[in-house]
Engineer: 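For reference, the structure I am asking about is given below.
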Amino acid sequence: FVILDWDAATGLCQSTLRGHTGWISALSVLKKEESQVMNATGNFVNETSGRILSASWDATVKLWNTSTGDVLTTISSGSFFLHSFSYLFG
């Protein structure tokens, strides 16, 4: 089960997010944020990364970094299928 992150302006797939083991039932695209990260040569560069929040029938909610495709955090609901969620900006 994958999530494809598409760029609406170019029509190109920016990233493929893999990690859920059940149907993906809800998504929320969070704002992009800019931060400084250290690259492989030890220099700091500005990186703009988006976040996607997803819920799945595998009983997890995942927060993704769309620039790297990494899962930033996973929250488990135990054994209950997740059909939706609500995210409050704070």
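Residue numbers run from 1 in the order of the sequence given.
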Engineer: When rounded to the nearest 0.5 angstrom, what distance separates SG in C13 from CG in L4?
Structural biologist: 4.5 Å

Engineer: Side chains of I75 and S77: does their closest heavy-atom pair fall under 4.5 Å?
Structural biologist: no

Engineer: Is there side-chain contact between K62 and T73, with heavy atoms separated by less than 4.5 Å?
Structural biologist: no

Engineer: Side-chain contact test, heavy atoms from C-beta onward, threshold under 4.5 Å: evaluate it for T60 versus H20 and give yes or no.
Structural biologist: yes

Engineer: Work out which heavy atom in G22 is nearest to a heavy atom in F1; give both atom names and the distance.
Structural biologist: O-CG, 3.3 Å

Engineer: Within a strict 4.5 Å, meaning less than it, do heavy atoms of the N65 and R51 side chains meet?
Structural biologist: yes

Engineer: Below 4.5 Å, heavy atoms only, C-beta onward: do L30 and I52 meet side chain to side chain?
Structural biologist: no

Engineer: Does some side-chain heavy atom of V61 sit less than 4.5 Å from a side-chain heavy atom of T74?
Structural biologist: no

Engineer: Report the distance from atom OG1 of T16 to atom CD1 of I3, rounding to the nearest 0.5 Å.
Structural biologist: 10.5 Å

Engineer: Please determine, by modelled atom types, if W23 and S56 share a side-chain donor-acceptor pair under 3.5 angstrom.
Structural biologist: no

Engineer: Let me confirm one number: the CG-CH2 distance from L72 to W64, rounded to the nearest 0.5 Å.
Structural biologist: 9.5 Å

Engineer: First locate atom OG of S15, then atom CH2 of W6, and finally report the distance between them rounded to the nearest 0.5 Å.
Structural biologist: 10.5 Å

